[in-house]
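Just so you know, these numbers come straight off a predicted model, no measurement behind them.
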Amino acid sequence: MQLLQPETPTNARAPPVVRPPGLPITPEGSGLAIGSLICGILFFIFPSAIAAIVMGHISRAEIRRSEGRKTGAGMALAGPI
């Protein structure tokens, strides 16, 4: 007499990871911070220098308010310098 053992599925999947709604998987970069850095590099064009300062201030405030969902504070800071 032979005992039968229950079969275990070979393609068993792990349960899906549940993330809180509204949070992205990875933080996204701030477009204004990138724009500020690019305008800061092109500082020799006068309106570009002013745009770098304005975009840098706006993007740093936006990054602070995002509570970790946005990154790029260093680029926003380096743009107007």
Qualifying residues under side chain to side chain donor-acceptor pair (under 3.5 Å), relative to S30, sequence neighbours excluded: E62

Any donor-acceptor N/O pair, R69 side chain to S66 backbone, under 3.5 Å: yes

Heavy-atom closest contact (G72 atom, I63 atom, distance): C-CD1, 3.5 Å

E28 vs T71, side-chain contact (heavy atoms from CB on, under 4.5 Å): CA-CA, chis, key distance, verdict: CA-CA 6 Å; E28 64 180 36; T71 60; over 6 Å; no

Show me, pair by pair, the donor-acceptor contacts under 3.5 angstrom made by side chains of residues 38-52, not counting sequence neighbours?
from	atom 1	to	atom 2	distance (Å)
S48	OG	C39	O	2.7
S48	OG	L42	O	3.2

Value rounded to 0.5 Å, distance of CG in L37 from CE in M55: 10.0 Å

